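By convention in this document, chain letters (A, B, ...) are assigned in the order of the sequence lines, proteins followed by strands, and residues within each chain are numbered from 1. Small disclaimer: the values here were computed from a predicted structure and weren't measured.
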Amino acid sequence: MTSKTVLHAKHLESNAKMVNFYGWEMPINYGSQIEEHHAVRKNAGMFDVSHMTIVDVQGADAKSFLRRLVINDVAKLTVPGKALYTGMLNHDGGVIDDLIIYFFTDTNYRLVVNSATREKDLAWLAEQSKGLDLTISERPEYGMIAVQGPEAKAKVATLLTEAQQASVEGMKPFFGVQVGDLFIATTGYTGEDGYEIILPEDAAADFWQKLLETGVAPCGLGARDTLRLEAGMNLYGLDMDESVSPLAANMAWTIAWEPEDRNFIGREALTGQKAAGDQPKLVGLVLEEKGVLRSGLKVITSEGEGIITSGTFSPTLGHSVAMARVPRSVKIGDTVEVEMRKKRVKVQVTKASFVRNGKKVF
Amino acid sequence: MSNIPSELKYATSHEWIRNEGDGTVTIGITEHAQGLLGDMVFVELPEVGDKVSTGDDIAVAESVKAASDIYAPVSGEVVGINEDLEDSPELVNSDSFGDGWMFKIKLDDAGELENLLDAEGYKNSIDED
């Protein structure tokens, strides 16, 4: 039995092709995922992300709990609405999930975690918070719409009241603010400007319809994947999982090593890995000839073998790009080989980021 | 439900075959197949002059989702390829039975056409998928 988001009927009205995404019936595209991709890079597109799991953590121990739970330090968050991208690890240093944490006060935080990992995440949160003075509340009564693209903010602005507009005007990246019924955040998964908007379920379909009428293109999971890959953003389950260290998944920047006495879960394992310097790393690969790099393909380098964690055709660049986990001694700019379909092709190693704000960045 | 023109022949591997009546056939993939594959990004075609046998994988349709082999539904010689697909692979999506054709084969044995499915047979084969 699959779950449906509150926008399910809207997807069908727009002729979406629906697929089962970890138990959720979600749109993969509304005709052409490449056109949807271009809509986000050049204009504005929207994604139903209501399947994502919103969890509020509130109480006297909320801050100390989160400082132990995740690898970044929520103590860095002091301005209400500020958000943090980070990961939560198991005791061996493997990534249980990546997530965004919004700070409201030291006793009030909001987490957004992946839907595919919902059950294990909630179980982990419950286990790690035993005996603490806090509540953990899932918020399934909310829908969530990501509106992304160079015109996204202007189009959303046409649907806001003057007071709401004043609250979001000039909001810096990675902030969120509650304005009336809407929680509007300057976050996203595309490498473009835009918002992620959390709103009550009974308001979601109407808001979606109004966005449609302002010319925002509905976009499915297919375009979401090519956009995030071009932007070099990890997808949990492909680019990292519980067997992978954040050091091997381009997530080192989300680890706060200071202060040294903050004993976050997985710290001991990570400290050992860092000292050993033996973790592989996640890089970008670019194939300029015909063909598409795909997840699972073997990468052959002079430093040893690696593997493509996710790959796709980049609609913006017109050729294939991928993220790959390779030995640490492989360098940006190296030429390496990928084994695909009966042949070996030469690919260039880049940083794992290909397109930002519509432009090539490598 | 996708369109399955009744004047064409079909293979269970989702190729359509149009008999041109001059000993050649034109071949592409069906609307149903392009729908399964999604947006096409590259099409690799055989070369004119290639000798092919029924069941050989002679072309590749690569979409955002997957690379899929295209099989020769009949034996013969490749006498034409759709060069427009080099720059516009999306024709396979937008007009799979027309401008999205892939290659032409001069038949070794016109009798081979009898082994192919008609529209109803193809419809039944995809209903079973």
Side-chain angles (χ1 to χ4, degrees), chain A residues 15-21 26-41 217 219-230 235 238 287-297 308 310-322 338-343 345, chain B residues 1-3 13-14 29-47 50 52-53 55-72 81-100 102-103 126-127 129:
Chain A
N15 297 315
K17 184 175 175 194
M18 306 298 283
V19 295
N20 182 342
F21 180 77
M26 299 299 290
I28 183 85
N29 64 58
Y30 301 80
S32 165
Q33 77 172 71
I34 289 182
E35 283 172 27
E36 291 158 26
H37 179 107
H38 290 313
V40 171
R41 287 273 179 256
C219 301
L221 293 175
R224 188 167 163 80
D225 191 51
T226 52
L227 287 158
R228 71 89 195 169
L229 221 163
E230 283 187 351
L235 174 59
L238 280 181
L287 172 68
E288 289 192 338
E289 61 181 281
K290 269 193 179 187
V292 180
L293 304 169
R294 310 240 182 223
S295 171
L297 295 180
I308 292 182
S310 49
T312 191
F313 173 77
S314 158
T316 306
L317 301 170
H319 56 71
S320 183
V321 297
V338 174
E339 225 171 59
M340 42 186 287
R341 294 180 63 82
K342 306 170 197 163
K343 57 180 182 185
V345 295
Chain B
M1 192 61 223
S2 64
N3 181 25
S13 47
H14 305 294
I29 65 167
T30 64
E31 191 178 305
H32 175 72
Q34 68 77 26
L36 293 178
L37 286 167
D39 287 338
M40 218 53 72
V41 293
F42 298 114
V43 180
E44 278 179 46
L45 295 173
E47 289 184 17
D50 284 358
V52 301
S53 301
D56 290 354
D57 52 337
I58 61 168
V60 181
E62 184 127 28
S63 73
V64 283
K65 207 163 108 187
S68 182
D69 287 322
I70 312 293
Y71 301 95
I81 56 171
N82 186 354
E83 289 175 0
D84 291 344
L85 298 182
E86 174 81 19
D87 290 327
S88 303
E90 68 277 8
L91 290 172
V92 175
N93 298 112
S94 60
D95 192 9
S96 47
F97 294 114
D99 291 342
M102 293 187 172
F103 47 86
I126 59 180
D127 286 348
D129 278 355

Legend entry - Interface residues of residues 91-99 of chain B facing chain A - non-hydrogen atoms under 4.5 Å apart: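 None at all.
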Legend entry - Sidechain-backbone polar pair: B/Gln34 side chain, B/Glu31 backbone, donor-acceptor under 3.5 Å: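 The answer is yes, because a donor-acceptor pair under 3.5 Å joins these two groups.
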Legend entry - Side-chain donor/acceptor of B/Ser53 to backbone N/O of B/Asp56, under 3.5 Å: no
Inset, instruction - Report the residues that fulfil side-chain hydrogen bond (donor to acceptor under 3.5 Å, both in side chains) with B/Asp39, sequence neighbours left out, ordered by chain and then residue number. - result: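 A/Ser32.
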Legend entry - With A/Phe21 via ring-ring contact (aromatic ring centres under 6.0 Å, His included) - residues at least two apart: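 Listed in chain order: A/His51.
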Inset, instruction - For B/Phe103, check ring-ring contact (aromatic ring centres under 6.0 Å, His included) against everything at least two apart and list the hits. - result: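 Once residues adjacent in sequence are excluded, B/Phe103 has no partner under the ring-ring contact (aromatic ring centres under 6.0 Å, His included) criterion.
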Inset, instruction - Classify the angle between the aromatic ring planes of B/His14 and B/His32 as parallel (below 30°), tilted (30 to 60°) or perpendicular (above 60°). - result: tilted
